[in-house]
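The structure appears below as structure tokens.
In this text the structure is predicted, and so the values were computed from the model without any measurement. As the structure lists them, so they are numbered: ligands from 1, and atoms in each ligand from 1.
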Amino acid sequence: LEAAGLAAFRSAEVTDAVEAARIEFLGLKQGRIKAAQERLKAVEPSDRKAYGQRFNAAKKALEAAWEAAKARVDRPSDAASGIDVTLPGSPRPRLGHRHPLTQTADELIDLFGRLGFGVARGPEVEDVFHNFEALNIPPAHPARDPADNFYLSDGALLRSQTSTIQIRVMERQPPPVRIVAIGRVYRPDEVDPTHSFMFHQIEGLMVDRGITMAHLKSTLRLFAEGYLGRDVKIRFRPSFFPFTEPSVEVDMLWHGGDRWVEMGGAGMVDPNVLRAVGYDPDEVTGFAFGLGVERLCMRKHGIDDIRQFTLNDVRFLSQF
Ligand code: PHE
């Protein structure tokens with residue numbers, strides 16, 4: 001009996017087989033150990049002690065064999081589970097991180113936040129009023145040319161500049177205003193290393209009593225030093241935008257750089273724009289500026305092709 005039981009437990013390879021052996025040998029009702037125990041009663045008193053010892057030993061051995069068999073089938077062998085515990089540990093899973101442009105946007109928002117600018121966002125599908133009319137861009141203006149915009153219908157287009165957000169903010173609240181608007185803009189440009197049909201702008205707007213060009217320049221200089229380093233210089237060149245007067249192009253020059261790089265446009269908010277949102281140009285004045293987020297990021301990190309941002313090449317992205 002003991003030998004048969006041990007063999008049964010040893011050869012059991014799955015849980016069901018172990019259980020079947022348990023029922024056959026150790027089952028409390030019909031098990032063979034139980035039957036052997038019953039037979040003890042019929043044994044001659046003189047033999048009973050020897051029989052009892054033999055019985056106890058067999059029962060213990062079978063119970064131990066059952067425990068061992070359970071442990072064996074519960075924990076599959078390394079080979080059966082396909083895990084080779086002798087191999088070196090696998091590399092840690094690689095974690096993703098924020099896209100370089102998102103990192104740049106967060107950094108810009110943080111920098112302007114320290115200068116007291118809140119953040120505003122707005123819709124990417126805009127109407128002609130917010131993208132043009134309120135910004136002093138009349139119907140015949142070349143900036144409204146269908147070849148230079150992504151029109152979706154007669155009155156709707158993908159916004160071509162984040163200046164639309166200035167209008168939405170000023171419509172909602174009375175002066176003073178101090179915000180940066182950040183987001184995607186769309187223009188049907190030929191794609192090349194420095195142009196794309198979609199890019200990001202960060203646009204600042206400050207309106208209050210007595211705001212002047214000096215506030216604009218010091219804000220941009222503080223920002224440029226904060227983002228690109230203390231040794232950056234900025235320069236204004238006269239320019240024209242329908243929504244600012246006077247208007248300037250903003251150039252920056254880095255320590256070690258050999259030429260001024262254009263970073264965006266700026267100017268004093270045109271009185272017509274202030275009127276379009278119900279502000280009184282005799283009471284308040286304001287400045288606005290718009291900078292390209294890609295350009296700032298490329299300049300800071302030495303990226304030479306704007307297309308890298310949308311290729312999703314991990315070799316590029318993982319460097320940031
Ligand atoms: N919106 C202008 C552009 O896209 C930039 C700009 C913003 C210029 C604010 C002046 C003031 O080119």
How close does the nearest protein non-hydrogen atom get to atom 5 (C) of ligand 1, and which residue and atom is it? G290 CA, 4.1 Å

Could you measure the distance from the OG1 atom of T104 to the CD1 atom of I202? Nearest 0.5 Å is fine. 10.5 Å

Between H301 and F320, is the gap from one ring center to the other below 6.0 Å? yes

Lys/Arg N to Asp/Glu carboxylate O, E44 vs R48, below 4.0 Å: no

Using the ring centroid of each side chain, check whether Y151 and Y186 are separated by less than 6.0 Å. no

Going by the order shown, which atoms of ligand 1 are within less than 4.0 Å of some heavy atom of F243? 1 (N), 2 (C), 6 (C), 7 (C), 8 (C), 9 (C), 10 (C), 11 (C)

List ligand 1 atoms under 4.0 Å from Q201, heavy atoms only on the residue side. 3 (C), 4 (O)

Does atom CG (L87) have a neighbourhood of more than 12 heavy atoms from anything else shown, all under 6.0 Å? yes

For ligand 1, which atoms, with element, lie under 4.0 Å from some heavy atom of E203? 1 (N), 7 (C), 9 (C)

Salt bridge E2-R54, side-chain N to carboxylate O under 4.0 Å: yes

Below 4.0 Å from any atom of ligand 1, is there a heavy atom belonging to R187? yes

Measuring from atom 11 (C) of ligand 1, which candidate in S247, G264, A288, A181 has the nearest non-hydrogen atom? A288

Would S163 count as a polar contact of ligand 1, with the cut-off being nitrogen or oxygen pairs under 3.5 Å? yes

Could you find the nearest protein heavy atom to atom 1 (N) of ligand 1 and give me its residue, atom name and distance? Q161 OE1, 2.9 Å

